[in-house]
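Comments concern the structure below.
This chain uses plain numbering: 1 for the first residue, then up along the sequence. Each ligand, and each atom within it, is numbered from 1 in the order the structure gives.
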Amino acid sequence: MRAIDGPGHGQSVSESVLALAGVRRGKVRDVYPLPEDATVPAGVGARLLLVATDRISAFDVVMPTPIAGKGRLLTRLSTFWLRFIEERGLCKTHLLSTDAGALADRCFVTGGTTREQLEGRITIARAARVIPIECVVRGYLEGSGWKEYRTSGSVCGVALPAGLEQCARLPEPIFTPATKEEMGKHDENVSFERASRLVGEGVMRRLRETSLAIYREAAAYALSRGIIIADTKFEFGVPVDGSGDGPILIDEALTPDSSRFWPVEGYRAGAAQRSFDKQYLREYLESLVAAGKWDKQPPGPELPESVVRATQKKYGEACDRLVG
Ligand SMILES: Nc1ncnc2c1ncn2[C@@H]1O[C@H](COP(=O)(O)OP(=O)(O)O)[C@@H](O)[C@H]1O
Ligand SMILES: [Mg+2]
């Protein structure tokens with residue numbers, strides 16, 4: 001599947017096709033190393049081209065049906081946050097440009113993805129050696145954090161007060177790292193000590209402090225726009241461009257793909273919240289599982305038009321509230 005016309009909602013990009021070698025396809029983004037002559041003007045240092053496609057994943061399985069326009073919304077949101085983070089001096093980021101016009105003609109092939117299709121969905125970024133720890137910050141108790149708390153009273157070794165309900169707001173945001181696993185495997189929550197043994201304690205201290213600081217400022221801003229960022233995940237990497245810079249923020253930041261967004265109206269601890277983004281998708285998939293029609297293993301099922309539309313609407317709404 002390349003670029004296809006979604007029924008009634010414009011052209012989507014499921015998988016990019018460019019004249020650039022060495023693509024690595026993640027669940028959502030296609031990542032290309034960007035040679036110096038691939039941009040105008042020519043670039044210096046090691047750079048990557050990240051293309052946010054319209055793929056969507058749930059339960060770590062990529063669905064065969066694209067959500068047209070999702071890649072653009074994700075890029076708009078992520079770019080907004082990366083700038084927000086830099087402007088406030090919270091952390092350097094990998095963001096260099098989002099201008100598809102900067103790509104040289106030689107990046108494109110006949111029948112492949114066009115410059116127009118790339119507009120609004122690309123990030124030109126500093127290439128980094130990825131630190132293999134997912135830096136998760138939680139301000140509220142849900143998901144794997146809630147699960148762990150119910151059995152042990154703590155999350156990733158962070159002790160929490162007794163008697164917290166599902167989705168409760170935590171007294172303080174907590175840092176709960178996870179190992180970054182290969183495609184298809186689920187990430188695993190680890191203690192701060194275990195993460196430190198893997199990548200070094202000095203590094204982990206710095207990532208913890210930075211992640212918490214970004215979360216605090218971003219969550220306060222989002223709240224003023226009617227969105228609770230219940231939790232989120234950051235990735236960091238050490239630039240390989242010879243700058244000698246320490247860890248910088250890479251990947252996407254503070255999108256519905258990397259975070260739990262809840263509308264502030266209607267928030268009530270004690271039960272699951274309606275989320276902004278994948279709620280319809282997850283409910284649909286769970287209904288298939290309950291009916292014995294899917295087992296949460298790849299391949300994922302084709303999605304009905306109603307789920308595609310509802311999901312598009314939700315991503316758009318999150319984007320409008322935060323950036324609009
Ligand atoms: N600046 C960067 N340098 C190196 N790798 C990066 C950078 N930014 C993002 N990445 C990597 O690119 C990939 C983005 O694609 P994504 O679809 O999110 O993949 P995944 O399925 O691993 O989540 C991730 O593996 C991420 O670690
Ligand atoms: Mg990712």
Distance filter under 4.0 Å to [X] heavy atoms, resulting ligand 1 atoms:
{"X": "Val28", "result": "17 (O)"}
{"X": "Val31", "result": "12 (O), 13 (C), 14 (C)"}
{"X": "Gly26", "result": "16 (P), 17 (O), 19 (O), 21 (O)"}

request  = Would you check whether Val130 has a nitrogen or oxygen atom less than 3.5 angstrom from a nitrogen or oxygen atom of ligand 1?
outcome  =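 For ligand 1, there is no N or O atom that lies under 3.5 Å from one belonging to Val130.
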ask   = Would Arg126 and Asp245 pass as an ion pair if we require N to O under 4.0 Å?
value =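 Looking at Arg126 and Asp245, the cut-off is met.
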ask   = Do Asp257 and Lys70 meet the salt-bridge criterion of a basic N to acidic O distance under 4.0 Å?
value =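 Salt bridge flag = yes for Asp257 with Lys70.
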task = Using the six-membered ring of Tyr140, assess whether NZ or CZ of Arg260 lies under 6.0 Å from its centre and within 45 degrees of the ring axis.
result =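 Negative - Arg260 is either too far from the ring of Tyr140 or too far off its axis.
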inquiry  = Using a 6.0 Å distance limit plus a 45 degree cone around the ring axis, check whether Arg72 lies over the aromatic ring of Tyr315.
reply    =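 No, a cation-pi geometry is absent between Arg72 and Tyr315.
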inquiry  = Keeping Arg25 on the side-chain end and Ser16 on the backbone end, is there a donor-acceptor pair under 3.5 Å?
reply    =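 At least one qualifying donor-acceptor pair exists.
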inquiry  = I'd like the name of whichever of Thr255, Asp251, Leu48 reaches closest to atom 14 (C) of ligand 1 through any heavy atom.
reply    =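 Shortest heavy-atom distance from atom 14 (C) of ligand 1: Asp251.
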Part of Arg25 with heavy atoms under 4.0 Å of ligand 1, whether side chain, backbone, both or neither =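 No part of Arg25 is near ligand 1 at this cut-off.
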task = Determine whether the side chain, the backbone, both or neither of Lys27 has a heavy atom under 4.0 Å from any heavy atom of ligand 1.
result =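 Both backbone and side chain.
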inquiry  = Would you call the rings of Phe84 and Trp81 parallel, tilted or perpendicular, taking 30° and 60° as the class edges?
reply    =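 Ring orientation, 0 to 90° scale: perpendicular.
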task = Under the side-chain contact (heavy atoms from CB on, under 4.5 Å) rule, what do His94 and Leu82 come out as? Steps first, then yes or no, please.
result = CA-CA 8 Å; His94 73 165; Leu82 292 175; 4.0 Å; yes
Below 4.0 Å from any atom of ligand 1, is there a heavy atom belonging to [X]?
{"X": "Leu50", "value": "yes"}
{"X": "Arg24", "value": "yes"}
{"X": "Lys180", "value": "yes"}

